[in-house]
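Here is the structure we will look at.
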Amino acid sequence: MKNKSLLLELWDFLKIRKAWWLAPIVIMLILVGFLIIFGQSSALSPFIYALF
């Protein structure tokens, strides 16, 4: 497959290189990214800001 998505390529990298220690870092970066997106554009932003 020539046009893989970024997540599929990252998954292949983790499987082939046995770099499972990177998985928690990647998961946390994705979660923080979603938190930033929801914090800017939703009614939940005051509650999200209260967490920090």
Test of understanding: with side chain to side chain contact (heavy atoms under 4.5 Å, CB included), list the residues that count as partners of Ile27, not counting sequence neighbours.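 Only Leu31 meet the side chain to side chain contact (heavy atoms under 4.5 Å, CB included) criterion with Ile27.
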Taken in chain and number order and not counting sequence neighbours, the residues that satisfy side chain to side chain contact (heavy atoms under 4.5 Å, CB included) with Leu22 are Phe13, Leu14, Ala19, Ile25
Handout entry: Cluster check Ile16, Leu10: I/L/V/M/F/W/Y, side chain < 4.5 angstrom
Key = no
TODO: Find out if a path of hydrophobic residues (ILVMFWY) with successive side-chain heavy-atom gaps under 4.5 Å connects Leu29 to Trp20.
DONE: yes
Applying ring-ring contact (aromatic ring centres under 6.0 Å, His included) to Trp21 and not counting sequence neighbours gives none
The complete set of salt bridge (charged side-chain N to carboxylate O under 4.0 Å, His left out) pairs with one or both residues in residues 14-36, sequence neighbours excluded, reads none
